[in-house]
Every structure is written in structure tokens, then in C-alpha cells.
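Okay, so here's the structure we're looking at.
These numbers were taken from a predicted model, which means no experiment stands behind them. Below, chains carry the letters A, B, ... as their sequence lines are ordered, and counting in each starts from 1.
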Amino acid sequence: MHQTISHNGRVRDGEGFPAEIRAQVESVSPDFYALFGYAETLGIDLDDLQKIFYERSRQLHPDRFARASAGERELSLRASSLLNDAYRTLRDPLKRAEYVLSRHGFDVGQQRSNNVPPELLEEVFELNMALEELRSGDEDARDSLEAARANFLAMRDEIDCGLSGAFARWDVASRNRAGEGASAARAMLAEIRGSLNRRRYIQNLLRDVEAALAGPAA
Amino acid sequence: MANLLQIDFGSDQDAVVGIDLGTTNSLVAWMDLTGPEILEGPGDERIVQSVVAYTEAGEFVVGEAAREILLEQPERAVYSVKRLMGQSAEDIQGELRLFPFHLAADQDAVLRLRLGGKTVTPPEISAEVLKRLKANAEYATGKAVKQAVITVPAYFNDAQRQATRDAGRIAGLDVLRLVNEPTAASLAYGLDKRKEGVIAVYDLGGGTFDISILRLHNGIFEVLATNGDTHLGGDDVDNLLLAIALEDLATEWGEDVAANHQIVQRLRRAVIRAKEELSFAPGVAIQFSHAGRSYERALTREQFDSLIADFVEKTLVSCRQCLKDASLDPGEIDEVVMVGGSTRIPLVRLAVERLFRAKPHTELNPDEVVALGAAVQAGILTGSVEDKLLLDVTPLSLGIEVMGGVVAKLIHRNTTIPASASETFTTAVDGQQNVLIHVVQGERELVKDCRSLARFDLKHIDPLPAGLAKIEVRFLIDANGILNVTARDVRTGKEQSVEVKPSYGLTDAQVEAMIEESFEKAEADLHERQVREARVEADSILLALEKAKGNQAWDALAEDDRERIERKHNELLTVYHSDNYDLIRTKIGELNDSTMALAENMMNTAVNSALKGTKI
């Protein structure tokens, strides 16, 4: 299915760019999955993704069009930047999930929610106390911060584990898009969004703890 | 009508070269049939020192000759100008204490230097080095050189890259690509012989430091992360030694010579010699004499190592950050490549070996490997190298200024380029027709801590109530690592005009003016150039004729046709060494005309044998 491009940028069958790539480049909302010839799934074989990325790069990179017409050079620049954007998004499971959510009309702004998830209230309260103590020079607080870090890491692992299960379930459910199947799949996405928000919140807490632990003792 | 010059013997194409435009030394290379090769100018000039002087006669001189002027008349010469590319007068205040740069009185977005009474910008100075390399390449290849790949430090920002590209344009070169020095080096090393692997390239040159980590996969060189410092290199080691020597002289001679540029330049030469010897000897002496007085100071390797310990540690900090950005542990690096003259320092090699737990590659000459890699990249662009492809990254995050002087990052550092991001802007006031976007580069959160790149003015927006206009702005970093901005009115779908005001660097109009000035200057050289070009043209027809004579079409030619060709051939040889390029051209034309029957015979032979399925 891949067309071969000779080094001077002419496709040997004479038809400029691969049509399916050109369509994505010119689209207002390009489909990252289509660039890789994939159907939309939350689970992706990363080795295969990388293989296709390298193949497509060989085909589309501006280096292959250095002596082509201005129009083809421009197209190659846009196509390879789109390919890079798509690869960056799809290879990272979290970015990939956010991408899928946004395609299904979910709001996935990167806003750092100030609302503490209710189940984390206690941990966050204790964490803030420990951070305050460390700032005021109480080195004993380090131990509780270390404990908090281990706790958050475990929570993050648990979420990741849950997410990969949820991804697999959605991939199955989304194949059946008619009637009840569609609403079940949508409910799964809502659940995934919840997990992603929670994960982001924990990630931010981890960052604060690690910065405090790495920082100079007061 | 066919003639010999139209038959492609593959000898009349322009050469595309690769150029390492270094802080201390510059080199040019190309792809020979056997691989990349350094091109030498007249007198076997292999390395051109990146020193430029403006003589009393009003001419630029480059390389060794400029170095001599630097010693006698320091105000007429400049070295390490790469440190000034894309910088403002404000940026380089710190450098002025250590480098004898003379700033011109009038400064704007572009830094201007005084060079023996002439005001010049860093790109114009670099262009002189490039012109010399271009001439050397033309001398070595016998071909016209119009297109080039030029290397830049991986950690160069947008302004530094633009300044380098401007230098190329001023020198009359079409810069096909700016390629990062460490990645170019990895291309030259032929490391793709190992099909898979992760390599680190540690590049410590005269004025810049880069570390890049790459993944190799069947000829694809994918950069995972890069880090560095565009103002850290061998120059800094020289300055450390120089400071000691100056202090000694102040005590021993009771004289502060720091303000005497001539003495300082000679002293600098002495400490550089000592530094270089220390790479091979356990101890040396810095020796210097002036006006009948002499100075000598012993320096052991141990003392030298402790002097430069902080300097080496700075490079290691970059290396550790780069590993972190690539999400790798030092043990996951399969091979390390050393690039740049400063990697000859034993302490540097030891530190790198310890960090990456791998014996670094030093097989290729660290001064030449970048130019060789640039030639490989030139081969990739022209299609002569088909199996390799470089996927590089942007070294610095790109962002825009938002409310409160805060940076909103659009493209993060270490993103594979080309990369793009888009953002929609609107108006804040009824009837507003302009929106100003301030683009910055850097990792910090506040605009004041980042590097201002440019201001983009979206103009002639349709006057509408506040918030109704929607302009989508697309930021695209191309394969050179240079930002391109386009804008579109979302409502109408029309292209929106954008006016670019670069924060540092030359505007397009200024570059055009410099190109023009450069051409006027070049008129004096035009005669010589035309003679040279005529000879190159003569060479190609002489070569074509020689090849044609081995063809059966030559034997099939009528006796008087053959005689006429021989006569014209001799006439061309007679005028070949004259300075009259018109005459050479005329004789080329006459010889070419005389070969029409021959060329037609050759084509017929080719067609016939193709029909018979045989090779000629």
C-alpha cells in the first residue's frame, strides 16, 4: 500500500504525494490514526508504530525533497511535521487517550484542577503539613515525605494498571458502535477521563514532593 | 541538434558541499565516489582558521593571513565570531572582557563590530570565511559551488541559526540545510554499521558544547535528546590560562598588560601552545618574552586538571540532563563519540568515559568529523546517499507570551522536527485590527527569563466586536530548526498577513543589501572568476571529447569531420591558459559546433545498441 518515492521527490507512479497522506495534511482536523493506517484503538503495538513511523519518515521527510518543486517541498514539510505530531501523541498512552477523548467530544484541557479528589483529601492534608514542616527546617519531615512519595507512586501504578485494562475493554466495546454498545463505550471513555484527571493530580503531587526532597535543606 | 555538451557525462554538475563553520577552524567537504572527503584549497589548505581581518588596503583577508594581522594590528582582526552570531550588544558584555571585540557606536537588533574603521555584522564576517571555503571547494573540485549544507551547534537558538543562514546567503550560497554538529558527526562515523543501538555524541569545540543522544535503526538516526551551551568551549580554557599568565606578568614585571591587545594576543598564543602540549605531556612551560623581558611558568597536568575541573563538570551537567530527557541511564548508552578539538584533553576523555561507562570513539580526527558528516548530509539531500536519514530535534522549547509575562509553551524541547503547533487568537477591544504575538525560546516560566525570538504582528484584521475575530496562528519549526509562522482567519479561511520583527538579527532587507554589496565587491574578482569558470567549462568538453574518442562513433566519422574536430581541439588548448575568457568561450563554442556529427553518431549508436539489447 505504500508508494515509493524516488530521491528527487517524484513519486514513481507520477501522482505527487500518497493520496491518503495528502488528504490528512489538507484536512482541518487530521486523523493521526489514519496516517499510520490504523483504526482508532487505545491499545497500540509500539514496535509496529515505530516501524511505520520510520517508514513514513523515509517517505515524507524534507530531506527527500530538497531539490523538488517549492510546492512539493512545502507539502513534505507539512506532512512530516504532522507525522511527527501524530507519532508523539500515539506513542504515549496518556497523550493517546487524551487525543481519543477529544475526538469523542470530551473536554481534556490541561487545567490543573484545584479541587482535591475526595478520596485523596486526607493524603493531601498530611502532605501539605509535611511540606510546611520541611520548609520550616524540620528535617524529620523528610521521612514522612518519603513515605508519601512511595504511597503516591503506588497509587499511580494502580491507576496505570486500571487504565490499561480500561483501554482494552474500550477497544472491544467500540467495535460495536450501534445502539447500546455505543453508550457503553461512551461510559468507558468517561471513566477513563476520570482516571486520567486523578492521575494528573497525583503526578503533580509527586512533582511537588520530589522538588521538596531534592531542594536544599532549609 | 545534438552536441557533445548535451550528452551528460556526469561531470558538469555543480558540487553540493558540506561546511563546518567552526569557532576556531572551518572546513569544507563533499561526497566523493568513495565517501566524504575534505576539500583542500590552494597550498593544500585543509583547515581555514576562522579569523577575519580588514586590511589597510580595504580588503578582507581570512585564515592564516588574518591571524598574522591579529598579532600585529588586533583592532583590524576578529576571531571566534561564532560566539557573536545571533547576539545583541547587551548579550556579550561578559565576553568583551575576554575577547578583543570592538563594538560600533550604533547598535540595533544586530550587533555591529568595528574592524579597522569598517562597521560589520557577525554574519558578514562569517560570510568571508564561507567565501574562502567556497573558493577552496571550487579549486579542489573544478566545479561551481552554489549550494551547501552548513553545520551549527545543536544548542543554537533560532536567532543564531538565522544568522548562520544569513552568512551563507551573503557568501552567495544557497543553504540547503542547517544540520546540527553532533548529528553530522554521527553520520560521518558510519555507526549505522551497527543496525541498532543508542549512541551519545559529546562535542566540545572552540566555543560551543553539545551533547546529543541518538537511537540508530537501519540507517535512521533519530535524536532522542540534546543539550549544551553555546558559550562553552576551548576558548574558555584559554581564558583561564591567560588570566593566570596576565596576573603573573603583573606581579613579575610590575606591569598590567591586559589592555595591550597586541601583547595579549601573543600571550594567548603561548598559552594555547601550552594547553595543546599538555594533552600529550605530563608537564609543560608557558613561555613568553616581550621587549627583552621573558616569562616562564611551569604547569603540570595535575594543576591543569584542577584548573579546568569546573569547566568539565559544566559539560557533565548537560550530559546528565540530556540522559534524563532521553529517559535513559548512562549504562544504556552503547557507544560514545568524541567530536571537537577540546576532546583531546585527557581529563575530558576520562570524565566522559566515567559518566557513560564506555570507552569513547576517537578514531576519526575530531577536527574533521563534523565537516565529513555535513558532506554526507549533502549527499542525502542530493540523493546520492539513499539509505540514511536524520531525524533531529529542537533544542529549546518554543512559547508565546501570555497574561502576566508568563510563557505558554507550544512546542517542547527535544521534539522531533519538523514540528508544529497552532493557537487561536482573538481581539480584546471592539474594532481592534492588530494582534501582537511575542514568541520566545527557553525553558523558564517567565518571559523575562527566556530568549525573545520575534514579535509577529497580525495586521488588517476585519474590525469586529471584541472576541469575534478568530485568527489561527501556525508555528512550524522546519528541518533547519528555524521557526516559520503563518496565520489564517478562521471565519473567512483567508490567509492573514503577519509582519515579523525579529528581536535579534538582520531583516530580510538588510541581508539583501549585504548580498548586493558583496556582489559589488566581487566585481573586482569577477574577471578572475569568469576565467576560472570558462576553464571549468573547457575541461568538461575536453573530457567529453576524450571519452567520445573511445566510442565507435568516432571511428565511423568522416575523415574531414575528424580533422576539423582535432583542429578546433588544438585551438582550444592553445587559448586555455590565457586570461581572455571570451576567447576561451568562443573556442569552446567552435569545438562544440564541430562535434555535431560526432554527437549524432553517438546517439544513433546508443539507440541501435539499445535496440539490439547490447551495451556500448
Side-chain angles (χ1 to χ4, degrees), chain A residues 4-10 12 24-30 32 35 46-68 70 73-92 95 109-112 207 210-211 214, chain B residues 13-14 16 147-149 174-177 179 187 196 215-223 327 376-394 408-412 414-422 472 474-480 482 484 486 488 490 493:
Chain A
T4 324
I5 298 180
S6 68
H7 69 255
N8 61 6
R10 303 250 177 277
R12 291 210 182 92
Q24 295 306 328
V25 171
E26 282 162 2
S27 159
V28 185
S29 55
F32 289 170
L35 276 179
L46 290 180
D47 287 341
D48 189 64
L49 184 78
Q50 185 183 15
K51 193 175 133 246
I52 299 176
F53 170 65
Y54 287 156
E55 265 169 30
R56 289 291 198 202
S57 293
R58 281 188 198 275
Q59 221 179 354
L60 305 173
H61 195 275
D63 280 7
R64 306 279 163 195
F65 295 84
R67 292 186 151 186
R73 286 206 308 269
E74 170 72 18
L75 198 54
S76 138
L77 184 59
R78 288 171 60 191
S80 56
S81 81
L82 181 63
L83 178 72
N84 290 336
D85 294 350
Y87 181 53
R88 199 167 50 251
T89 304
L90 295 184
R91 75 177 167 193
D92 176 344
K95 287 199 184 110
Q110 294 284 335
Q111 80 280 7
R112 186 182 173 176
R207 200 188 52 193
E210 270 159 15
Chain B
Q13 282 205 331
D14 292 349
V16 182
Q147 295 182 310
V149 168
D174 173 13
V175 182
L176 287 183
R177 171 79 81 251
V179 59
L187 283 176
E196 301 273 343
R215 181 191 293 133
L216 299 190
H217 181 91
N218 287 328
I220 297 234
F221 292 66
E222 184 190 10
V223 179
S327 309
V376 176
Q377 179 65 27
I380 292 173
L381 296 179
T382 56
S384 66
V385 177
E386 285 195 315
D387 55 332
K388 294 186 173 82
L389 179 67
L390 201 58
L391 300 175
D392 222 313
V393 299
T394 180
K409 289 202 177 118
L410 295 178
I411 299 176
H412 289 265
N414 295 322
T415 299
T416 306
I417 52 174
S420 64
S422 49
E472 186 192 57
R474 189 166 181 78
F475 302 87
L476 191 152
I477 299 179
D478 66 17
N480 301 308
I482 290 178
N484 300 260
T486 49
R488 189 177 65 94
V490 178

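When heavy atoms are compared at a cutoff of 4.5 Å, B:I417 approaches chain A solely by way of its backbone atoms N, CA, C and O. The part of B:Q147 that comes within reach of chain A is its side chain, from C-beta onward, which places non-hydrogen atoms under 4.5 angstrom from that chain. B:V16 touches chain A through its side chain: at least one heavy atom from C-beta onward sits under 4.5 Å away, while N, CA, C and O do not.
With a 4.5 Å cut-off on side-chain heavy atoms, B:P418 and A:R78 do not count as touching.
Distance check: B:L389 CG to A:S57 OG gives 6.5 Å after rounding to the nearest 0.5 Å. Rounding to the nearest 0.5 Å gives a distance of 10.5 Å between CD1 of B:I411 and CG of A:N84. Taken from CG in B:D478 to CZ in A:R73, the straight-line distance is 11.5 Å, to the nearest 0.5 Å. Distance check: B:T382 OG1 to A:D63 CG gives 10.5 Å after rounding to the nearest 0.5 Å. Here CZ of A:R64 is found 9.5 Å from CG of B:L381. Values are rounded to the nearest 0.5 Å. Separating the CG atom in B:D392 from the NE2 atom in A:H61 is a distance of 8.5 Å, to the nearest 0.5 Å.
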Please test B:L391 against A:F53 for side-chain contact (heavy atoms from CB on, under 4.5 Å), starting from the C-alpha separation and ending with a verdict.
CA-CA 11 Å; B:L391 300 175; A:F53 170 65; 3.9 Å; yes

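When all heavy atoms are compared, the tightest approach of A:L77 to B:A479 is CD1-N, 4.4 Å. Between B:D387 and A:R58 the shortest heavy-atom distance is O-NH1, 3.0 Å.
In this view, A:Y54 and A:Q50, B:E222 satisfy the side-chain hydrogen bond (donor to acceptor under 3.5 Å, both in side chains) rule, not counting sequence neighbours. Listed by chain and number, the residues in a side-chain hydrogen bond (donor to acceptor under 3.5 Å, both in side chains) with B:R474 are B:S420 (sequence neighbours excluded).
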